[in-house]
*Asks:* 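Sharing a structure below in structure tokens format, with a few things to ask.
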Amino acid sequence: MPSAMEGSEGGEGEILRYEETEDDNISPTDLSELLKEGTKESHDRAENTQFVKDFLKGRIKKELFKLATAALYFTYSALEEEMDRNKDNPVFAPLYFPLELHRREALVKDLKYFYGEDWKEKIQCSEATQHYVDRIHHVGQHEPELLVAHAYTRYMGDLSGGQVLKKVAQRALKLPGTEEGVQFYIFDNISNAQQFKQLYRARMNALDLEKNTKERIVEEANQAFRFNMQVFDELDKIGRSLTEEAQDGGFPAHDGKGDLCKCPYYADKLGQAGAGCPYRAAVDLAQQPLVQLIVAACVAVAVMWYVM
């Protein structure tokens, strides 16, 4: 296992240094092993959600990626608020690495890139994300030992598969090479992700926890995976409902204010685009055979004019 060198508490202003040693003291009863074995099934299910599979294939549109970034912002804001609250609590303190791990500020940069300086006015916490956030706050305030499960699930994933998602997003969304929009995936204060993960697991294993508490942490980690899968499913439904124009950023996600008819996605999703809705009226008109024939003729004439 790695051993910490200088700044081992990972506090502000300190850079954590670590060196790698052999993992020859791992026991099946160590928390890291219990979590690894106890969440395998949940991990596999999360990786096989449609949203994640599409993402890994590069089938992610900018509007949906923006919504996913907003969901992460609300999730990490809650998680890091509770981590700050429990930074001196012995059941969590050894895992407090704000300089190395905290993601909120990185997500703020990403949201500014995608939404502009007034990003706070353009995002809202979705239903599935709110359930996740509520659970994190409950755990942090009433069962802080279970906060270990949420930190483990999020940050260890970010340092592993998250690095693959970063590269996929940059290619699929044609993001600039200067890494705007993907700051979330960049850990400037971790020089070696693999060694840091080993250090983190060693810290988990050193926590003074009873067997029953370890079992509860494993169950909470599985619960965290379920919350993540619910967010993925929510995003997948939104992705299927968005028009191509909306997916490419032509229509912003509706913020729940104003006339729903003005938002194609919400009008269709909520079934509130009736006869009085201009958008629905335009869609209905466009579906008429005569209109389609006229449009086709106009397109043909335009093409002929262009090539002449």
Side-chain angles (χ1 to χ4, degrees), residues 4 6-18 31-32 35 68-112 119-120 123-126 128-160 162 183-191 193 196-209 213-214 216-221 223-225 227-228 231:
E6 296 183 21
S8 60
E9 295 306 314
E12 291 293 340
E14 297 178 329
I15 299 296
L16 188 72
R17 298 180 185 178
Y18 34 78
L31 182 57
S32 67
L35 281 165
T69 302
L72 289 171
Y73 168 77
F74 289 112
T75 301
Y76 281 87
S77 294
L79 179 57
E80 288 162 11
E81 178 183 339
E82 297 306 329
M83 289 168 63
D84 289 343
R85 185 197 307 275
N86 289 281
K87 63 182 180 180
D88 297 320
N89 191 321
V91 300
F92 184 76
L95 300 180
Y96 185 65
F97 293 102
L99 187 64
E100 291 79 17
L101 294 178
H102 280 198
R103 298 288 84 204
R104 184 182 180 277
E105 292 308 313
L107 285 161
V108 168
K109 292 179 183 178
D110 290 339
L111 290 170
K112 283 182 180 179
W119 60 274
K120 281 189 178 180
I123 67 170
Q124 64 176 5
C125 191
S126 70
T129 305
Q130 188 63 55
H131 292 159
Y132 194 1
V133 165
D134 290 343
R135 179 59 185 174
I136 290 171
H137 282 309
H138 171 83
V139 163
Q141 295 170 31
H142 303 288
E143 301 176 273
E145 66 276 9
L146 300 186
L147 198 59
V148 175
H150 292 277
Y152 165 84
T153 303
R154 292 297 339 167
Y155 295 116
M156 293 301 98
D158 298 336
L159 289 168
S160 301
Q183 287 295 306
F184 168 72
Y185 300 104
I186 299 171
F187 293 80
D188 287 330
N189 294 314
I190 295 179
S191 59
F196 182 86
K197 287 187 291 184
Q198 290 180 340
L199 168 66
Y200 198 88
R201 294 187 188 104
R203 290 288 188 90
M204 286 198 303
N205 295 338
L207 292 172
D208 186 14
L209 303 171
T213 303
K214 291 180 181 180
R216 289 170 55 229
I217 290 174
V218 172
E219 176 49 39
E220 188 68 22
Q223 177 76 335
F225 273 109
F227 281 121
N228 277 287
V231 174

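Below, each value reflects all heavy atoms present in this structure, side chains not excepted, and no hydrogens, waters or symmetry copies.
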*Asks:* Walk me through whether R104 and Y73 qualify under side-chain contact (heavy atoms from CB on, under 4.5 Å).
*Replies:* CA-CA 6 Å; R104 184 182 180 277; Y73 168 77; 3.0 Å; yes
*Asks:* Any donor and acceptor pair, going by atom type alone, linking the side chain of N86 with main-chain N or O of P144 inside 3.5 Å?
*Replies:*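 A pair under 3.5 Å: no.
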*Asks:* Suppose we screen for side-chain contact (heavy atoms from CB on, under 4.5 Å). Which residues come up paired with D134, at least two apart in sequence or across chains?
*Replies:* Q130
*Asks:* Say you draw a straight line from CG of N189 to CG of L99; how long is it, rounded to the nearest 0.5 Å?
*Replies:*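 It is 4.0 Å, given to the nearest 0.5 Å.
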*Asks:* So, do L207 and P94 sit near enough that their side-chain heavy atoms are less than 4.5 Å apart?
*Replies:* yes
*Asks:* Apply side-chain hydrogen bond (donor to acceptor under 3.5 Å, both in side chains) to N228 and list each qualifying residue two or more places apart in sequence or on a separate chain.
*Replies:*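 In terms of side-chain hydrogen bond (donor to acceptor under 3.5 Å, both in side chains), with neighbours along the sequence ignored, N228 is linked to Y132, R154.
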*Asks:* For E220, check side-chain hydrogen bond (donor to acceptor under 3.5 Å, both in side chains) against everything at least two apart and list the hits.
*Replies:*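 So E220 forms a side-chain hydrogen bond (donor to acceptor under 3.5 Å, both in side chains) with R135, H150.
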*Asks:* A cation-pi test, strictly: NZ or CZ of R103 under 6.0 Å from the centre of the six-membered ring of F187 and no more than 45 degrees from its axis. Yes or no?
*Replies:*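 Yes, cation above the ring, under 6.0 Å and within 45°.
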*Asks:* Less than 6.0 angstrom separating the ring centers of Y155 and F97, yes or no?
*Replies:* no
*Asks:* So, using ring-ring contact (aromatic ring centres under 6.0 Å, His included) as the criterion, who are the partners of H131 when residues are at least two apart?
*Replies:* none
*Asks:* Under the ring-ring contact (aromatic ring centres under 6.0 Å, His included) test, which residues partner F225, sequence neighbours left out?
*Replies:* H43
*Asks:* Which distance, rounded to the nearest 0.5 Å, do you find between the CD1 of I217 and the CG of L31?
*Replies:* 5.0 Å
*Asks:* Working to the nearest 0.5 angstrom, can you tell me the gap between S32 OG and R203 CZ?
*Replies:* 14.0 Å
*Asks:* Would you please name every residue forming a side-chain contact (heavy atoms from CB on, under 4.5 Å) with H137, sequence neighbours left out?
*Replies:* A78, E81, E82, V133, Q141
*Asks:* As an exercise, state the distance from NZ of K197 to CE of M156, rounded to the nearest 0.5 Å.
*Replies:*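 Interatomic distance, K197 NZ to M156 CE, rounded to 0.5 Å: 7.5 Å.
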*Asks:* Have a look at M83 and tell me which of N89, L147, L101 forms a side-chain contact (heavy atoms from CB on, under 4.5 Å) with it.
*Replies:* L147
*Asks:* Return the minimal non-hydrogen interatomic distance between G162 and Y185, and the atom names on each side.
*Replies:*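 Looks like O-CD2, 3.1 Å.
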*Asks:* The criterion is side-chain hydrogen bond (donor to acceptor under 3.5 Å, both in side chains); which residues satisfy it with T213, sequence neighbours excluded?
*Replies:*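 T213 satisfies side-chain hydrogen bond (donor to acceptor under 3.5 Å, both in side chains) with no other residue.
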*Asks:* E219: what forms a salt bridge (Lys or Arg N to Asp or Glu O under 4.0 Å) with it, not counting sequence neighbours?
*Replies:*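 R226.
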*Asks:* Can M204 and L35 be said to form a side-chain contact (heavy atoms from CB on, under 4.5 Å), step by step?
*Replies:* CA-CA 10 Å; M204 286 198 303; L35 281 165; 3.9 Å; yes
*Asks:* Holding to side-chain hydrogen bond (donor to acceptor under 3.5 Å, both in side chains), I want the full list of residues that pass it with T129, two or more places apart in sequence or in another chain.
*Replies:* S126
*Asks:* Working to the nearest 0.5 angstrom, can you tell me the gap between L199 CG and E100 CD?
*Replies:*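 These two atoms lie 9.0 Å from each other.
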*Asks:* Considering only heavy atoms from C-beta outward, does the side chain of V108 approach that of W119 to under 4.5 Å?
*Replies:* yes
*Asks:* Return the set of residues passing ring-ring contact (aromatic ring centres under 6.0 Å, His included) with Y152 (not counting sequence neighbours), or none when no residue passes.
*Replies:*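 Y152 satisfies ring-ring contact (aromatic ring centres under 6.0 Å, His included) with no residue once adjacent residues are dropped.
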*Asks:* Please work out whether the ring planes of F196 and Y200 are parallel, tilted or perpendicular, with thresholds of 30° and 60°.
*Replies:* tilted
*Asks:* Please name the pair of heavy atoms, one in A149 and one in A221, separated by the smallest distance, quoted to 0.1 Å.
*Replies:* CB-N, 3.4 Å
*Asks:* The criterion is side-chain contact (heavy atoms from CB on, under 4.5 Å); which residues satisfy it with K109, sequence neighbours excluded?
*Replies:* Q183
*Asks:* Drop me the distance from D158's CG to I190's CD1, to the nearest 0.5 angstrom.
*Replies:*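 With rounding to 0.5 Å, CG (D158) is 9.5 Å from CD1 (I190).
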